[in-house]
Amino acid sequence: MAIIIKTNNPYLLLDKIYDGIDNKKVDKWVRTDDGRLTHSPLLWKNEAFFKPQIWVDDNELRFGLIKRKDRKHISSKLYTVYHTKFIEMLLTNFDMDFFQVTATAMKTEPDDF
């Protein structure tokens with residue numbers, strides 16, 4: 001259930017995403033102190049997290065879905081909201097910085113749940 005972004009510069013894209021969130025140019029997402037991202041509307045905030053990971057050899061920036069520690073499972077609804085809203089944010093704000101984005105249906109590196 002990872003998001004895999006194909007880009008020529010995964011480090012630069014991650015920096016742009018962080019900068020956009022930190023400077024409030026990208027709304028509805030917040031960054032935790034350890035660099036994970038969570039959807040910020042009250043209903044969804046801290047319900048799950050995206051952990052970034054750069055795969056240099058594959059020119060990929062991946063975001064693995066991480067469940068909240070007290071949560072036993074991630075529901076399909078939670079997965080769907082997080083993935084669709086994150087991809088929407090990417091297409092709205094960073095469409096010139098990548099050439100492909102994929103949301104996997106099954107657990108994929110670096111998912112952790």
Side-chain angles (χ1 to χ4, degrees):
M1 297 181 189
I3 292 178
I4 302 170
I5 306 160
K6 293 282 195 177
T7 177
N8 291 324
N9 194 332
Y11 289 103
L12 180 60
L13 178 55
L14 182 58
D15 286 345
K16 285 183 174 186
I17 292 169
Y18 281 160
D19 184 61
I21 291 169
D22 293 346
N23 292 311
K24 309 291 188 224
K25 293 176 185 173
V26 172
D27 63 347
K28 299 186 181 169
W29 291 92
V30 293
R31 177 165 57 148
T32 64
D33 292 339
D34 63 357
R36 296 176 183 190
L37 305 178
T38 187
H39 199 38
S40 64
L42 189 57
L43 180 63
W44 302 108
K45 189 173 184 178
N46 298 325
E47 290 297 316
F49 302 88
F50 278 124
K51 176 184 174 187
Q53 192 175 83
I54 293 175
W55 291 39
V56 176
D57 293 340
D58 297 322
N59 286 334
E60 291 178 352
L61 172 57
R62 291 186 175 206
F63 286 89
L65 194 61
I66 309 295
K67 69 178 179 65
R68 198 174 67 195
K69 288 182 182 180
D70 64 339
R71 184 178 294 283
K72 194 169 188 174
H73 302 285
I74 292 182
S75 69
S76 294
K77 182 164 180 95
L78 180 60
Y79 160 85
T80 301
V81 167
Y82 266 66
H83 282 70
T84 58
K85 293 300 183 181
F86 196 81
I87 291 172
E88 177 184 40
M89 177 272 292
L90 290 171
L91 290 170
T92 301
N93 297 284
F94 305 105
D95 61 329
M96 301 303 289
D97 297 300
F98 66 93
F99 50 90
Q100 182 180 359
V101 61
T102 304
T104 65
M106 303 303 288
K107 188 174 181 179
T108 307
E109 280 289 322
D111 288 329
D112 184 18
F113 54 88

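This is a predicted model, so every value here is computed, not measured.
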Task: Ring centre gap for H83 and F63 strictly below 6.0 Å - done: no

- [ ] Take R71 and L78 through the test side-chain contact (heavy atoms from CB on, under 4.5 Å) and record every step on the way to the result.
- [x] CA-CA 12 Å; R71 184 178 294 283; L78 180 60; 3.9 Å; yes

Given side chains that start at C-beta, do those of [X] and [Y] come closer than 4.5 Å, heavy atoms only?
X   : Y   : value
L13 : P10 : no
Y82 : T38 : yes
V26 : F94 : yes
I17 : L37 : yes

Open item on the list: Which label fits H39 and W29: parallel for a plane angle under 30°, tilted from 30 to 60°, or perpendicular past 60°?
Closed with: tilted

Open item on the list: Please determine whether residues V81 and L91 belong to a single hydrophobic cluster, defined as Ile, Leu, Val, Met, Phe, Trp and Tyr linked transitively by side-chain heavy-atom distances below 4.5 Å.
Closed with: yes

- [ ] For a side-chain contact (heavy atoms from CB on, under 4.5 Å) with L61, tell me which candidate from L90, L14, L12 qualifies.
- [x] L14

Open item on the list: For K45 and V30: C-alpha separation, side-chain torsions, deciding distance, then whether side-chain contact (heavy atoms from CB on, under 4.5 Å) applies.
Closed with: CA-CA 9 Å; K45 189 173 184 178; V30 293; 4.1 Å; yes

- [ ] Apply side-chain contact (heavy atoms from CB on, under 4.5 Å) to the pair R68 and E47, showing each step before the final yes or no.
- [x] CA-CA 6 Å; R68 198 174 67 195; E47 290 297 316; 2.8 Å; yes

TODO: Dump the intermediate steps for side-chain contact (heavy atoms from CB on, under 4.5 Å) on R36 and R31, then the final yes or no.
DONE: CA-CA 6 Å; R36 296 176 183 190; R31 177 165 57 148; over 6 Å; no

